[in-house]
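This is a predicted model, so every value here is computed, not measured. In this chain, residues are counted from 1 in sequence order.
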Amino acid sequence: MKKNKVNNDIYELILVGGNRLKEDGPITEIYQKAKIKKIKTLIITDKNHLNKLCKNIIFENVLKKLNITYKVFTRLNINNFKKISNNNTIVLFLNCPWKANKFFLEHFKNRVFNYHAATLPDLRGAANISWKILMKDNKSFSINIHYVTQNYDDGRIILDSRFKLNSKNKLLPVDYLNVIQKQEKIVFNKFINFVKSKKFPKGKIQNESMSFYWPRLNSEKNGKINWDWKQEQIILFIRAFSHPFDGAFTKFKNYKIKIYNCFKNTENVKFHPYQNGLIYRIDKNYFYLVCGSDSIKIKKDDMILPKDIENINMLGKRLC
């Protein structure tokens, strides 16, 4: 009897997207978990993710180092996916650069999911940690996996892990990510078990009356500090763009200065708005700067000056 030919190009699980900026997860993390469970898995990524810096090296080199099977696509071309999937293939988006259209979703009916590293429905979209810091909302957080629809992040939630954060508003994005990385290991284990059993829960409907959508942020475009803002607003803004992101920035003449953290200065002095942006004191550890009639202090290690102005005395200089 002639044996059926096995198609080695068909995968049980297809992961679409990439790792976070300057982080070793999440897509490689769940790939490794699927490998342990002997689930045939493929990563689909794009050129931007491929060249993105993970913790120490670019994503492409991470994939090669871990001996991960991957393909590079320019879009969610359903014809390309048909060649590598069957009626049981599960698709999971993780930092996916593309939006799924109705043809894609119809082909993978009820088998397309998204990993969303933020609370839903109030943190739909991107740059969720930065938006949360800006809104001074650090009491709790959650990560989840939900069904993908034609709209952003509004599908039924099948896995939801909620956790509390430090009550003090000194958290930087990297602090959120450290907690998220621990929690997502648990969520990924549960999802991989669903894939192995081929049984998925119906999921919980999201409350649309509580939904908020926030767009993607880019430090180079969106990270400019306005020194006319109030003291607290500036502190939150600077922290929202801090590590592992590329930092908030300000300018001195034509030079760009990056700032990654700052602190409230408690001097009992009220300044005039004309003084906003002025560096009025520099000591061994800090720059002191006027903003919104108050002042902040910035550790020298948290302020990166371009080499051309490293030797300039910044005392009395105005940042804008």
Side-chain angles (χ1 to χ4, degrees), residues 18-26 52-56 95 117-119 123 125-141 143 163-184 214-252 255-266 276-277 279 282 285-292 294-306 309-310 314 319-320:
N19 276 352
R20 289 181 289 258
L21 177 67
K22 299 178 184 177
E23 293 290 331
D24 287 340
K52 184 182 289 185
L53 182 66
C54 293
K55 208 160 193 177
N56 298 308
N95 301 317
T119 310
L123 284 171
N128 303 298
I129 293 173
S130 296
W131 290 113
K132 194 169 181 68
I133 292 172
L134 286 172
M135 294 187 292
K136 199 182 175 182
D137 178 10
N138 60 6
K139 292 180 181 178
S140 63
F141 206 66
I143 57 178
F163 47 92
K164 293 183 178 180
L165 298 166
N166 192 324
S167 60
K168 298 178 181 178
N169 67 334
K170 295 181 180 180
L171 291 172
L172 301 180
V174 68
D175 299 316
Y176 281 81
L177 288 169
N178 286 337
V179 179
I180 286 171
Q181 283 185 319
K182 294 176 183 177
Q183 294 293 325
E184 67 189 8
W214 307 113
R216 191 173 301 279
L217 294 173
N218 181 297
S219 295
E220 294 298 315
K221 296 178 180 178
N222 309 114
K224 192 173 190 302
I225 302 164
N226 183 340
W227 296 110
D228 291 329
W229 289 336
K230 293 180 180 179
Q231 179 192 66
E232 184 182 46
Q233 293 170 336
I234 288 177
I235 291 172
L236 293 172
F237 186 83
I238 289 172
R239 290 175 179 170
F241 285 88
S242 187
H243 301 295
F245 308 126
D246 291 330
F249 70 89
T250 185
K251 288 191 174 182
F252 169 65
Y255 298 103
K256 181 181 283 189
I257 298 171
K258 290 190 176 183
I259 303 175
Y260 289 89
N261 201 359
C262 63
F263 303 89
K264 180 179 180 180
N265 191 27
T266 57
N276 287 343
I279 297 174
I282 302 175
N285 299 311
Y286 292 95
F287 291 88
Y288 296 79
L289 199 144
V290 181
C291 57
D294 292 299
S295 65
I296 59 172
K297 57 183 183 179
I298 306 168
K299 281 185 178 179
K300 291 182 178 180
D301 290 343
D302 289 326
M303 179 184 276
I304 299 179
L305 301 173
I309 63 171
E310 280 181 349
M314 297 297 290
L319 305 181
C320 61

Item to check | Set of side chain to side chain donor-acceptor pair (under 3.5 Å) partners for Asn128, sequence neighbours left out | outcome: none

Next on the checklist: Can a donor-acceptor pair be found, under 3.5 Å and without considering hydrogens, that links the side chain of Arg239 to the backbone of Cys262?
Outcome noted: yes

Checklist entry - How about Phe241 and Asn222: do any of their side-chain heavy atoms sit closer than 4.5 Å? => result yes

Checklist entry - So, does Asp175 use its side chain to make a donor-acceptor pair with the main chain of Leu171 at under 3.5 Å? => result no

Item to check | Distance, nearest 0.5 Å, that separates CD1 of Ile296 from CG of Asn265 | outcome: 9.0 Å

Checklist entry - With sequence neighbours left out, what residues match Trp131 under ring-ring contact (aromatic ring centres under 6.0 Å, His included)? => result Trp214

Next on the checklist: Any heavy-atom pair between the side chains of Phe263 and Lys299 that's under 4.5 Å?
Outcome noted: yes

Item to check | Residue list, side-chain contact (heavy atoms from CB on, under 4.5 Å) with Asp294, at least two apart or on another chain | outcome: Gln231, Lys270

Next on the checklist: Does any part of the side chain of Ile257, heavy atoms only, come nearer than 4.5 Å to the side chain of Ile304, both counted from C-beta?
Outcome noted: no

Item to check | Side chain proximity check, Leu319 to Trp227, heavy atoms < 4.5 angstrom | outcome: yes

Checklist entry - Residues two or more places apart in sequence or in another chain: which of them pass side chain to side chain donor-acceptor pair (under 3.5 Å) with Asn178? => result none

Next on the checklist: For a side chain to side chain contact (heavy atoms under 4.5 Å, CB included) check, start with the C-alpha distance between Val174 and Phe245, then their side-chain angles and the critical distance, and finish with the verdict.
Outcome noted: CA-CA 9 Å; Val174 68; Phe245 308 126; over 6 Å; no

Next on the checklist: Holding to side chain to side chain donor-acceptor pair (under 3.5 Å), I want the full list of residues that pass it with Lys258, two or more places apart in sequence or in another chain.
Outcome noted: Glu220

Item to check | Contacts of Asp137 that satisfy salt bridge (Lys or Arg N to Asp or Glu O under 4.0 Å) - sequence neighbours left out | outcome: Lys132

Checklist entry - Donor-acceptor pair, Ser242 side chain versus Leu172 backbone, under 3.5 Å? => result no

Checklist outcome for this item: With sequence neighbours left out, the residues meeting side-chain contact (heavy atoms from CB on, under 4.5 Å) with Lys55 are Asp24

Item to check | 4.5 Å side-chain heavy-atom contact, Asn261 and Ile298 | outcome: no

Next on the checklist: Which residues pass the salt bridge (Lys or Arg N to Asp or Glu O under 4.0 Å) test with Lys22, not counting sequence neighbours?
Outcome noted: Asp246

Next on the checklist: Would the distance check show the side chain of Asn19 and the main-chain N or O of Cys54 forming a donor-acceptor pair, the cut-off being under 3.5 Å?
Outcome noted: no

Next on the checklist: Tell me every residue that passes ring-ring contact (aromatic ring centres under 6.0 Å, His included) with Phe252, counting only those two or more places apart in sequence or in another chain.
Outcome noted: none

Checklist entry - How are the rings of Tyr260 and His243 set to each other: parallel, tilted or perpendicular (split at 30° and 60°)? => result parallel

Checklist entry - What is the distance from atom CG of Leu236 to atom CH2 of Trp229, rounded to the nearest 0.5 Å? => result 10.5 Å

Item to check | Residue list, side-chain contact (heavy atoms from CB on, under 4.5 Å) with Ala240, at least two apart or on another chain | outcome: Ser130, Ile133, Leu134

Next on the checklist: Regarding Arg20 and Asn95, do their side chains bring together a donor and an acceptor under 3.5 Å, going by distance alone?
Outcome noted: no

Item to check | Tyr288: partners by side chain to side chain donor-acceptor pair (under 3.5 Å), with sequence neighbours left out | outcome: Asp283

Checklist entry - For Lys300, which residues count as a salt bridge (Lys or Arg N to Asp or Glu O under 4.0 Å) partner, sequence neighbours excluded? => result none

Checklist entry - Distance from Ile282 atom CD1 to Phe287 atom CZ, nearest 0.5 Å? => result 5.0 Å

